[in-house]
Visitor: 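Supplied in structure tokens, the structure appears directly below.
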There are 2 protein chains.
Amino acid sequence: MKLEATKKLLMIPGPTMVPPEVLNAMAMPVIGHRTKDYGALLEDTIEKLKKVFITENDTFLITGSGTAAMDMAISNIIKRGDKVLNIVTGNFGERFANIVKAYKGEAIRLDIEWGDMADPEAVKEILDKYDDIKAVTVVHNETSTGARNPIKEIGEVVKDYDALYIVDTVSSLGGDYVNVDKFHIDICVTGSQKCLAAPPGLAAITVSEKAWEVIKKNDDKVGFYLDLLAYKKYYEEKKQTPYTPSVNLTYAMNVALDLVLEEGIENRVKRHERLAKATRAGLEAMGIELFAKERARSVTVTSAKYPEGIKDSDFRGILSNKYNIVVAGGQKHLAGKIFRIGHMGICGEKEILATLACVELALKELGFEVKESGVEVAKEVLLRE
Amino acid sequence: MKLEATKKLLMIPGPTMVPPEVLNAMAMPVIGHRTKDYGALLEDTIEKLKKVFITENDTFLITGSGTAAMDMAISNIIKRGDKVLNIVTGNFGERFANIVKAYKGEAIRLDIEWGDMADPEAVKEILDKYDDIKAVTVVHNETSTGARNPIKEIGEVVKDYDALYIVDTVSSLGGDYVNVDKFHIDICVTGSQKCLAAPPGLAAITVSEKAWEVIKKNDDKVGFYLDLLAYKKYYEEKKQTPYTPSVNLTYAMNVALDLVLEEGIENRVKRHERLAKATRAGLEAMGIELFAKERARSVTVTSAKYPEGIKDSDFRGILSNKYNIVVAGGQKHLAGKIFRIGHMGICGEKEILATLACVELALKELGFEVKESGVEVAKEVLLRE
């Protein structure tokens with residue numbers, strides 16, 4: 001199979017570039033998933049994942065996307081009519097609210113302007129207003145807006161209530177600070193294809209004791225493939241998954257996690273912060289306005305407003321077709337208004353600098369008057385930081 | 001990563017051995033799933049899948065196991081209290097009944113002795129008895145028992161009723177005769193890792209117009225990740241999946257389907273039939289009794305009873321540890337009583353003959369008096385057929 005697109009530089013906020021040793025692991029022969037060998041591999045992978053999540057909580061690998069894990073986080077804990085507080089700062093925060101509704105729960109939304117972050121005090125106010133909120137959901141890093149939420153501070157609020165604290169770290173785990181146990185996160189979900197730099201297709205979920213209590217008492221739970229108690233039973237009894245897992249993605253995830261742990265989470269986050277600074281400075285130097293509010297800016301994805309007159313399809317078309325660099329457009333009401341550059345996973349200086357240089361070329365081709373060379377300013381930031 | 005188990009011959013009923021060109025496709029760089037390139041790949045893969053299913057119905061690829069697609073088949077069509085007739089001839093037939101219950105439906109079971117098949121007349125009787133059965137589920141090939149159901153004949157019955165006809169072809173599609181349109185199958189599900197010889201992690205589902213009518217009218221559906229209408233919308237509008245798909249498994253599936261179509265479905269089924277005959281004859285020659293009833297025997301997996309005194313863990317332990325061949329044990333109440341040899345996907349003569357020879361060595365080591373050389377008899381069958 002020949003696929004021209006594989007030569008393009010993937011600068012979208014996931015899936016991200018995958019290191020060759022991880023890709024190679026994908027091509028190893030398949031082994032039986034009901035064997036001790038697979039059990040040992042799964043356990044090893046999960047133990048590594050727990051180190052990245054920084055948790056002692058039960059952790060599971062799910063064959064499916066991050067949304068499958070988001071679904072699990074909701075469908076296992078609620079029954080009809082249950083209230084869930086959904087902090088909505090973008091498309092993925094909204095997805096949690098939609099999942100609550102899809103399971104006939106009541107979604108109580110805390111809507112924040114897209115591009116900004118939630119205020120922990122506003123969360124507290126809502127928790128004080130109702131006495132029967134079963135869970136609070138928040139998306140750590142909103143790839144849709146390039147903004148992040150203060151999950152540590154929100155955790156400090158939620159921990160004093162009965163509500164479970166559910167956090168989506170799909171595009172932050174392994175790239176930004178996440179500490180499941182210290183942040184009091186009851187259910188934390190992530191995906192393989194973002195900062196962890198494994199191929200897409202696997203999700204992971206952590207479950208605290210407090211969450212298990214709620215799940216076990218849920219006497220009107222619906223669902224089968226995503227039933228957490230089945231995952232718990234099979235893992236505890238046999239180190240297996242209840243249904244056939246993607247064996248090859250488990251190989252890949254295991255190697256990808258080795259690379260994360262070898263680099264060290266602290267170093268990895270610092271690398272992401274440094275690249276984010278260079279990207280932002282480079283774009284601003286060119287005269288491009290950043291979209292996310294300064295206090296809320298993500299370290300794994302940068303969002304930027306299109307200057308007047310620059311059409312999304314033209315800009316991203318030139319970048320992809322002429323320069324073989326893929327960046328993302330806006331989602332929902334931001335479509336056509338912003339573009340997004342992912343700098344997560346194994347992304348490094350050369351990718352950021354090449355992207356900034358080609359963004360400049362594309363903008364110039366479209367008639368935008370570039371103020372200053374973005375790549376020059378980004379180089380200075382990288383030298384300094 | 002080093003994994004000794006990858007040198008073992010996989011003779012279980014899935015996952016099966018994957019051809020090198022399919023494994024290599026897994027290692028190609030990841031591309032963005034919201035790009036036209038991925039859309040073209042997905043569409044191409046789905047068009048090939050439709051040729052294998054032999055259907056004009058809408059067909060979708062799901063990142064998940066076959067069980068995810070079974071879940072979808074039920075969760076999208078029923079609401080609380082709806083009746084579904086579940087034909088149960090083994091573990092996977094039972095799983096459908098469990099899924100119905102997990103979505104608060106009423107599972108009406110037609111239980112058949114494990115190892116045998118359902119009688120279409122018995123299905124008709126139940127459909128005549130109730131006037132509100134929403135669907136009939138049947139598992140074409142029960143890997144748990146090595147028996148298959150007459151899905152063509154059952155389809156002839158169900159088509160005259162309002163009920164939807166749901167068929168699990170997880171371990172038969174690409175190895176046994178399946179014709180979704182001719183068999184009047186409304187929802188057909190399969191998995192990547194059985195007769196199609198792709199790695200595990202993808203499922204597929206076909207949906208007829210009759211099924212869409214039911215799904216669209218379902219005003220109390222629950223579920224999110226497995227919501228078929230979302231898959232339909234994204235595919236129709238953009239040739240995309242609603243949530244991040246496993247891009248690399250799509251590469252692999254595309255190549256695996258090329259190999260199926262190159263061989264031709266008719267040829268492929270004949271190859272499976274021939275190998276099944278050789279396997280059965282070889283086992284019987286040694287003095288091993290087959291488990292599945294003769295009229296119901298699968299062409300993709302052979303089940304056999306352990307002779308008295310042969311312990312499952314000893315037998316499969318010797319096969320795996322000494323001879324590097326992995327066969328499956330029994331499930332549920334058949335654990336310890338039967339073993340199962342998968343001969344699906346790219347399995348050929350050499351694998352069957354090696355397996356029969358090593359089964360004989362293992363049995364002899366455990367003190368069983370082998371009647372006649374199984375491999376010799378199997379060779380004769382292969383020469384003759």
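These numbers were taken from a predicted model, which means no experiment stands behind them. Atoms considered below: every heavy atom in the structure, side chains included; atoms not considered: hydrogens, waters and symmetry mates. Labels below follow one simple rule: chain letters A, B, ... track the order of the sequence lines, proteins then strands, and each chain is numbered from 1.
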Visitor: Is chain A contacted by the side chain of B:Tyr251, its backbone, both, or neither, given a heavy-atom distance below 4.5 Å?
Guide: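 Both the backbone and the side chain of B:Tyr251 come within 4.5 Å of chain A.
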Visitor: Quick check on the interface: out of B:Ala252, B:Ala102, B:Ser192, who has the most heavy-atom pairs with chain A under 4.5 Å?
Guide: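 Option with the greatest count: B:Ala102.
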Visitor: Chain B: which of A:Ile74, A:Asp220, A:Val255, A:Thr241 shares the most heavy-atom pairs with it under 4.5 Å?
Guide: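 Maximum pair count with chain B is reached by A:Asp220.
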Visitor: With a 4.5 angstrom heavy-atom cut-off, is it the side chain or the backbone of A:Leu41 that approaches chain B, or both, or neither?
Guide: side chain
Visitor: Find the one option among A:Lys221, A:Met17, A:Lys7 whose heavy-atom pairs under 4.5 Å with chain B are most numerous.
Guide: A:Lys221
Visitor: Going from CG on B:Leu202 to OG1 on A:Thr63, what distance comes out if it is rounded to the nearest 0.5 angstrom?
Guide: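 One finds 9.5 Å between CG of B:Leu202 and OG1 of A:Thr63.
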Visitor: Using non-hydrogen atoms only, which part of A:Gln193 is less than 4.5 Å away from chain B: side chain, backbone, both, or neither?
Guide: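 Only the side chain of A:Gln193 comes within 4.5 Å of chain B.
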Visitor: Determine the minimum heavy-atom distance between B:Asp71 and A:Tyr225, stating which atoms define it.
Guide: OD2-N, 2.8 Å
Visitor: Let's test your reading of the structure: which of B:Pro199, B:Gly14, B:Gly329 forms the most heavy-atom pairs below 4.5 Å with chain A?
Guide: B:Pro199
Visitor: How many angstroms lie between CZ in B:Arg80 and NZ in A:Lys104, if you round to the nearest 0.5 Å?
Guide: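 Rounded to the nearest 0.5 Å, the CZ-NZ separation comes to 10.0 Å.
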Visitor: With rounding to the nearest 0.5 angstrom, report the CG to NZ distance, B:Asp37 to A:Lys8.
Guide: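 Here the rounded value is 5.0 Å.
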Visitor: Heavy-atom distances under 4.5 Å only: say whether B:Ile99 touches chain A with side chain, backbone, both or neither.
Guide: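 Both backbone and side chain.
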Visitor: Only heavy atoms, only distances under 4.5 angstrom. Which residues in residues 242-250 of chain B are near chain A?
Guide: B:Pro242, B:Tyr243, B:Thr244, B:Pro245, B:Ser246, B:Val247, B:Asn248, B:Leu249
Visitor: Between A:Gly64, A:Pro200, A:Ser320, which residue shows the highest count of heavy-atom pairs closer than 4.5 Å to chain B?
Guide: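 Among the listed options, the one with the most contacts to chain B is A:Pro200.
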Visitor: Show the nearest heavy-atom pair for residues B:Pro15 and A:Ile31, with the distance to one decimal.
Guide: CG-O, 3.7 Å
Visitor: Who among A:Gly201, A:Ser75, A:Ala25 has the most heavy-atom pairs with chain B under 4.5 Å?
Guide: A:Gly201
Visitor: Considering only heavy atoms, which portion of A:Leu10 lies under 4.5 Å from any heavy atom of chain B: side chain, backbone, both, or neither?
Guide: side chain
Visitor: Testing B:Asn98, B:Leu226, B:Val100 one by one against A:Phe224 for a side-chain contact (heavy atoms from CB on, under 4.5 Å), which residue passes?
Guide: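 Only match with A:Phe224 under side-chain contact (heavy atoms from CB on, under 4.5 Å): B:Asn98.
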Visitor: Quick one: of A:Val18, A:Val22, A:Asn254, A:Leu23, who has the most non-hydrogen atom pairs under 4.5 Å with chain B?
Guide: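 Most heavy-atom pairs under 4.5 Å with chain B: A:Leu23.
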